[in-house]
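Structure, as structure tokens:
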Amino acid sequence: MSDEFEVNSADAGAAKFYPIQASAIKKGGHMLIKGRPCKIENISTSKPGKHGSAKCSFTGIDIFTGKKHEAISPGHANVDAPIVNRKEYQLQYIDDSNFLSLYDEDIGEQIEHIRCPEGDLGDRLKEMLEADKSVMVTVLNSMGEEKVIDCKEDTKQD
């Protein structure tokens with residue numbers, strides 16, 4: 001018997017979500033609904049009845065797809081809230097397969113796995129890049145997914 005093994009991937013073991021009491025979630029906060037990270041748009045709470053506790057009804061919009069999701073949970077129960085990070089990167093170029101080449105100033109590395117968004121935001125990115133403007137891109141990261149949510153001209157001069 002051999003004690004050798006092969007490791008194909010490594011993970012720091014960081015959690016992608018954390019538990020929070022349902023009654024503590026506020027409008028505009030984030031919550032996992034059906035396994036998807038959602039921004040809470042509406043909350044309604046029912047009064048405790050004869051045989052149970054107060055129920056919280058949540059309506060949320062998926063932060064990546066824009067789809068509406070609904071969930072109901074007892075007010076005292078724990079629900080999962082995703083860890084959502086927002087970070088700005090400097091856009092270097094857009095390659096032939098429509099992936100962005102972004103520069104992370106914090107760690108000094110190129111990031112090349114984020115696809116250029118469709119629609120108006122993608123068109124605006126391409127126009128700004130073609131006009132030789134320095135572009136900063138805001139990326140939302142949660143539950144292992146990333147999405148470009150905004151771009152602006154970098155006015156900061158080095």
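Note that this is a predicted model, so its numbers are computed, not measured.
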Requested in this report: Supply the atom-to-atom distance Arg115 CZ to Ser97 OG, rounded to the nearest 0.5 angstrom.
Outcome: 6.5 Å

Report task. Might you point out which heavy atoms bring Cys151 and Met128 nearest each other, and give the distance in Å? Result -> SG-SD, 4.0 Å

Query raised in the report: Would you say Leu121 and Tyr89 are hydrophobically clustered, going by side-chain heavy atoms of ILVMFWY under 4.5 Å?
Result: yes

Report summary line: Rounded to the nearest 0.5 Å, the NZ atom of Lys47 sits from the OG1 atom of Thr45 at a distance of 11.5 Å

Query raised in the report: What are the two closest heavy atoms between Asp154 and Met136, and how far apart are they?
Result: CB-CG, 3.5 Å

Query raised in the report: Is a side-chain N or O of Ser46 found less than 3.5 angstrom from the main chain of Lys55, in a donor-acceptor match?
Result: yes

Query - Nearest atoms (heavy-atom pairs only) where Ala22 meets Ser73 - result: CB-OG, 3.9 Å

**Report entry** Same apolar cluster (I L V M F W Y, side chains within < 4.5 Å links), Val135/Val139
**Finding:** yes

**Report entry** Of all pairs that satisfy salt bridge (charged side-chain N to carboxylate O under 4.0 Å, His left out), the ones with a partner from residues 86-99, not counting sequence neighbours
**Finding:** Lys87-Asp104, Lys87-Asp106, Glu88-Lys152

**Report entry** Beyond-backbone contact of Pro37 with Leu32, side-chain heavy atoms, under 4.5 angstrom
**Finding:** yes

Query raised in the report: More than 12 heavy atoms of other residues, nucleotides or ligands under 6.0 Å from CD of Glu153: is that the case?
Result: yes

Requested in this report: Check the surroundings of atom CD1 in Ile72: do more than 12 heavy atoms from other residues, nucleotides or ligands lie under 6.0 Å from it?
Outcome: no

Requested in this report: For Glu112 and Tyr93, work out which heavy atoms get closest and say how close.
Outcome: OE2-OH, 3.3 Å

Query raised in the report: What is the minimum heavy-atom distance between Ile40 and Lys26, and which atoms define it?
Result: CB-O, 4.0 Å

Query raised in the report: Are any non-hydrogen side-chain atoms of Asn98 and Lys126 less than 4.5 angstrom apart?
Result: yes

Report summary line: Only one of Leu91, Leu102, Val137 passes side chain to side chain contact (heavy atoms under 4.5 Å, CB included) with Val148, and that residue is Val137

Report task. Walk me through it: do Asp80 and Lys16 pass the test salt bridge (Lys or Arg N to Asp or Glu O under 4.0 Å)? Result -> CA-CA 10 Å; Asp80 292 326; Lys16 295 178 181 173; over 6 Å; no

Requested in this report: For His69 and Ile33, work out which heavy atoms get closest and say how close.
Outcome: CB-CG2, 3.5 Å

Report task. State, with a plain yes or no, whether a side-chain heavy atom of His30 is found less than 4.5 Å away from one of Ser142. Result -> no

Requested in this report: Answer with yes or no whether the hydrophobic clustering places Tyr103 together with Ile111; edges join I, L, V, M, F, W, Y residues whose side-chain heavy atoms lie under 4.5 Å apart.
Outcome: no

Query raised in the report: Can you hop from Ile61 to Ile63 via hydrophobic side chains spaced under 4.5 Å?
Result: no

**Report entry** Neighbour count >12 (heavy atoms, 6.0 Å) for atom CZ, Phe99
**Finding:** yes

Query raised in the report: Do other residues, nucleotides or ligands put more than 12 heavy atoms under 6.0 Å from Asp120 CG?
Result: no

**Report entry** Flag side-chain contact, heavy atom, 4.5 Å: Ser134 against Gln90
**Finding:** yes

Report task. Measure the NE2-CG distance between His113 and Leu100 for me, rounded to the nearest 0.5 Å. Result -> 10.0 Å

Report task. Rounded to the nearest 0.5 Å, what's the gap from OH on Tyr18 to CG on Asn78? Could you check? Result -> 11.5 Å

Query raised in the report: Does some side-chain heavy atom of Leu125 sit less than 4.5 Å from a side-chain heavy atom of Pro117?
Result: yes

Requested in this report: Quick one: list whatever passes side-chain contact (heavy atoms from CB on, under 4.5 Å) with Thr65, sequence neighbours left out.
Outcome: Arg36, Asp62, Lys67

Query raised in the report: Distance only, no hydrogens: is a donor on one side chain within 3.5 Å (strictly under) of an acceptor on the other, for Gln110 and Ser101?
Result: yes

